[in-house]
Trainee: 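Mind having a look at this structure? Questions to follow.
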Amino acid sequence: MRVVVAEDSVLLREGIVRLLIEAGHEVVAAVGDGPALVAVIAAHAPDVSVVDVRMPPSHTDEGLRAAVQARRSAPDTRVLVLSQYVELAYADELLADGRGGVGYLLKDAVVDVDGFLDALDRVGSGATVLDPQVIAQLMLRGRRDPVQTLTPREREVLELMAQGCSNTAIGRALVIGDGAVEKHIGNIFAKLDLAPDADQHRRVLAVLAYLRS
């Protein structure tokens, strides 16, 4: 495959380039910043690009931004992103278009040469490849506490409910009408998946959920 490498660490960049060449791939360009990555992808149309998330000048997410920009300009662009840590916001942005041909691996994965090269091949063929730790974090987030889905106002209402306040008292404390209070409480019940049940008191269950969180 024809590969572009974008990594600001010269030692790591040269190591990846050497690894790819020894595996039979053609490295058409190796760069150290985001704008250069966008330029070489446009110029060379590689089969896949290996991209570090954090590159100059701010060392935050320039690599990811450049990769996303390149994919917007050329939808067939395929990218294998390397990151030092699991950063779900980056994974979300990379996966947002749902087109495949993307990968998100921790840099430690490069040590497993066969696994890294296999991931590169799969991304190059259009598959989506995620590091096991990324998958674990995504699954954990999918099971997150439903209380965390409440808006700030809904959390204020639920906190006052936990203090034993009536709807009238909640409205007075938050300077809102009874109708607004009832609407917020209805939203709370819905987000906590508390359907009407004659055998259980939803208000109590909502407070228990709040206390557990």
Side-chain angles (χ1 to χ4, degrees), residues 1-9 12-21 23-56 58-144:
M1 287 191 300
R2 300 171 66 256
V3 184
V4 161
V5 177
E7 165 63 58
D8 67 297
S9 168
L12 183 54
R13 182 170 70 234
E14 293 305 314
I16 293 173
V17 168
R18 184 179 183 87
L19 173 63
L20 294 173
I21 292 174
H25 298 296
E26 178 188 358
V27 178
V28 297
V31 299
D33 60 71
L37 171 62
V38 174
V40 295
I41 287 177
H44 297 285
D47 297 308
V48 63
S49 298
V50 178
V51 181
D52 180 22
V53 166
R54 299 186 175 190
M55 292 196 291
S58 71
H59 293 279
T60 54
D61 61 356
E62 282 82 357
L64 176 79
R65 299 294 177 194
V68 170
Q69 181 182 341
R71 281 173 66 84
R72 286 173 181 161
S73 301
D76 291 335
T77 299
R78 292 170 180 176
V79 179
L80 176 58
V81 167
L82 301 179
S83 179
Q84 192 69 39
Y85 310 103
V86 177
E87 299 172 276
L88 294 183
Y90 296 161
D92 284 342
E93 186 145 7
L94 190 66
L95 299 169
D97 59 30
R99 292 198 304 265
V102 296
Y104 187 111
L105 296 181
L106 297 184
K107 285 189 174 180
D108 290 345
V110 180
V111 177
D112 177 8
V113 174
D114 291 339
F116 170 69
L117 293 174
D118 177 64
L120 184 75
D121 288 339
R122 286 189 285 153
V123 170
S125 67
T128 297
V129 179
L130 298 177
D131 190 283
Q133 291 190 48
V134 176
I135 294 173
Q137 291 292 328
L138 289 171
M139 292 178 65
L140 181 62
R141 185 181 62 182
R143 297 194 299 269
R144 67 180 178 176

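Because the structure is a prediction, the values reported are computed rather than measured.
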Trainee: Would the distance check show the side chain of Glu26 and the main-chain N or O of Val28 forming a donor-acceptor pair, the cut-off being under 3.5 Å?
Mentor: no
Trainee: What's the spacing between Met1 CE and Leu20 CG if we round to 0.5 Å?
Mentor: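 Going from the CE atom of Met1 to the CG atom of Leu20 covers 8.0 Å.
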Trainee: Indicate the atoms forming the closest heavy-atom contact of Ala66 with Gly34, along with that distance.
Mentor: CB-O, 3.5 Å
Trainee: Using every non-hydrogen atom in the two residues, find where Ser9 and Glu7 come nearest and quote the distance to one decimal.
Mentor: N-OE2, 2.9 Å
Trainee: Testing the basics here: between Pro56 and Gly32, what is the closest heavy-atom pair and its distance to 0.1 Å?
Mentor: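 What the structure gives for the nearest pair is CD-O, 3.2 Å.
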Trainee: Assess the residue pair Val27 and Ile21 against the criterion (side-chain contact (heavy atoms from CB on, under 4.5 Å)); give the C-alpha distance rounded to whole Å, side-chain angles, the decisive distance to 0.1 Å, and a yes or no.
Mentor: CA-CA 7 Å; Val27 178; Ile21 292 174; 4.0 Å; yes
Trainee: Output every pair passing salt bridge (charged side-chain N to carboxylate O under 4.0 Å, His left out) with a member in residues 69-79, not counting sequence neighbours, ordered by first then second residue.
Mentor: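 Only Arg71-Asp97 qualify under salt bridge (charged side-chain N to carboxylate O under 4.0 Å, His left out).
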Trainee: Hey, could you give me the CG/CG distance between Leu117 and Leu19, rounded to the nearest 0.5 Å?
Mentor: 5.0 Å
Trainee: Taking all atoms of both residues into account, what is the closest heavy-atom pair of Leu37 and Ala6, and its distance?
Mentor: CD1-CB, 3.9 Å
Trainee: Quick one, His25 and Asp121 - any side-chain contact, counting heavy atoms below 4.5 Å?
Mentor: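 His25 reaches Asp121 side chain to side chain.
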Trainee: Minimum heavy-atom separation for Ile16 to Leu82, with atom names?
Mentor: CD1-CD1, 3.9 Å
Trainee: Report the distance from atom CG of Leu80 to atom CG of Leu120, rounding to the nearest 0.5 Å.
Mentor: 6.0 Å
Trainee: For residues 38-52, please give each side-chain donor-acceptor pair under 3.5 Å, one per line with the distance, not counting sequence neighbours.
Mentor:
from  : atom 1 : to     : atom 2 : distance (Å)
Asp47 : OD2    : Arg2   : N      : 2.7
Asp52 : OD1    : Lys107 : NZ     : 3.2
Asp52 : OD2    : Lys107 : NZ     : 3.4

Trainee: Please find the pair of heavy atoms, one from Gly101 and one from Thr128, that lie closest to each other, and give the distance.
Mentor: N-OG1, 4.3 Å
Trainee: Mind checking the CE-CG spacing from Met55 to Asp61? Nearest 0.5 Å is all I need.
Mentor: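 If I round to the nearest 0.5 Å, the distance is 10.0 Å.
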